[in-house]
Amino acid sequence: MSNFVQSLKLWFAPERIREDGDTPDYRFSLANERTFLAWLRTALALIGGGFAVDQFLPDLRWGWRIGLALALLAAGVLCSLRAVNHWVRCERAMRRGEDLPTSRFPTVLSLAVAVVAVAMVVVVLFGWEG
């Protein structure tokens with residue numbers, strides 16, 4: 001069974017993580033949980049930003065408004081899914097005494113937010129209706 005499928009099963013049965021390895025210092029597990037919650041706050045902010053773009057920029061051309069809103073909403077969805085996946089992967093690595101997993105997701109998320117921000121700057125500088 002692939003690591004992804006195993007991790008996905010643990011999303012819905014996190015108590016099964018205890019079957020793997022040794023219990024880490026609780027401070028590390030709590031830090032992992034705080035990181036998870038920070039990812040969720042970021043996801044909520046992105047989702048809120050997507051709704052704000054859609055609702056509060058009615059004069060923006062439809063394609064721009066919907067495109068920017070959907071980009072932010074998609075980033076929020078991906079961020080929330082990544083949060084739980086990262087939490088499971090880190091918890092398993094700590095229990096096994098392995099290095100914490102690395103990820104390119106923070107870079108991808110940063111680039112996506114930067115692209116949306118640059119698009120918003122262009123929209124503000126050159127007007128709503130073009």
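The first residue of the sequence shown is numbered 1, and numbering continues consecutively from there.
Summarising the geometry, atom CG belonging to L73 is positioned 11.0 Å from atom CG belonging to L78; distances are rounded to the nearest 0.5 Å. Atom CG of L46 and atom CZ of F51 lie 12.5 Å apart (nearest 0.5 Å). Here the straight-line distance linking atom CG of L30 with atom CZ of F36 works out to 13.5 Å at 0.5 Å rounding. Atom SG of C79 sits about 11.0 Å away from atom CZ of R41, to the nearest 0.5 Å. For the atom pair NZ of K9 and CD1 of I17, the computed distance is 14.5 Å after rounding to the nearest 0.5 Å. Between the NE2 atom in H86 and the OG1 atom in T35 there is a gap of 6.5 Å [rounded to 0.5 Å].
Residues R92 and P101 have side chains not in contact (no heavy-atom distance under 4.5 Å, counting atoms from C-beta outward). Proximity of S80 to L40: side-chain heavy atoms (C-beta onward) are separated by under 4.5 Å at one or more points.
As a member of the Ile/Leu/Val/Met/Phe/Trp/Tyr network built from side-chain separations under 4.5 Å, F56 groups with nothing else and remains a singleton. Taking Ile, Leu, Val, Met, Phe, Trp and Tyr as members and joining any whose side-chain heavy atoms lie under 4.5 Å apart, directly or through other members, the hydrophobic cluster of M94 also contains F28, L100.
In the hydrophobic clustering of this structure, V77 groups with F12; members are Ile, Leu, Val, Met, Phe, Trp, Tyr whose side-chain heavy atoms approach within less than 4.5 Å, directly or through other members. Note on V115 and L109: separate hydrophobic clusters, where clusters join Ile, Leu, Val, Met, Phe, Trp and Tyr whose side-chain heavy atoms are under 4.5 Å apart, directly or indirectly.
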Task: Chi angles and distances behind the side chain to side chain contact (heavy atoms under 4.5 Å, CB included) call for D54, I66 - done: CA-CA 6 Å; D54 184 52; I66 297 301; 3.6 Å; yes
Task: Audit row: S103, R82, side chain to side chain donor-acceptor pair (under 3.5 Å) steps and yes/no - done: CA-CA 10 Å; S103 174; R82 178 65 179 128; 2.7 Å; yes
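Within the structure, ring pair (Phe, Tyr, Trp, His ring centres under 6.0 Å) pairs that include any residue of residues 90-116 comprise W39-F105 (at least two apart or interchain).
Shown here is R18, whose CZ atom has no more than 12 heavy atoms of other residues, nucleotides or ligands within 6.0 Å.
N32 contributes a side-chain N or O that, together with a main-chain N or O of W87, makes up a donor-acceptor pair within less than 3.5 Å.
Scored by the side-chain contact (heavy atoms from CB on, under 4.5 Å) test, T23 finds Y26, R95 as partners (sequence neighbours excluded). Partners of L68 by side-chain contact (heavy atoms from CB on, under 4.5 Å), not counting sequence neighbours, listed by chain and number: V53, L60, W64, V116, A119, M120. Under the salt bridge (Lys or Arg N to Asp or Glu O under 4.0 Å) criterion, D25 pairs with R27, not counting sequence neighbours.
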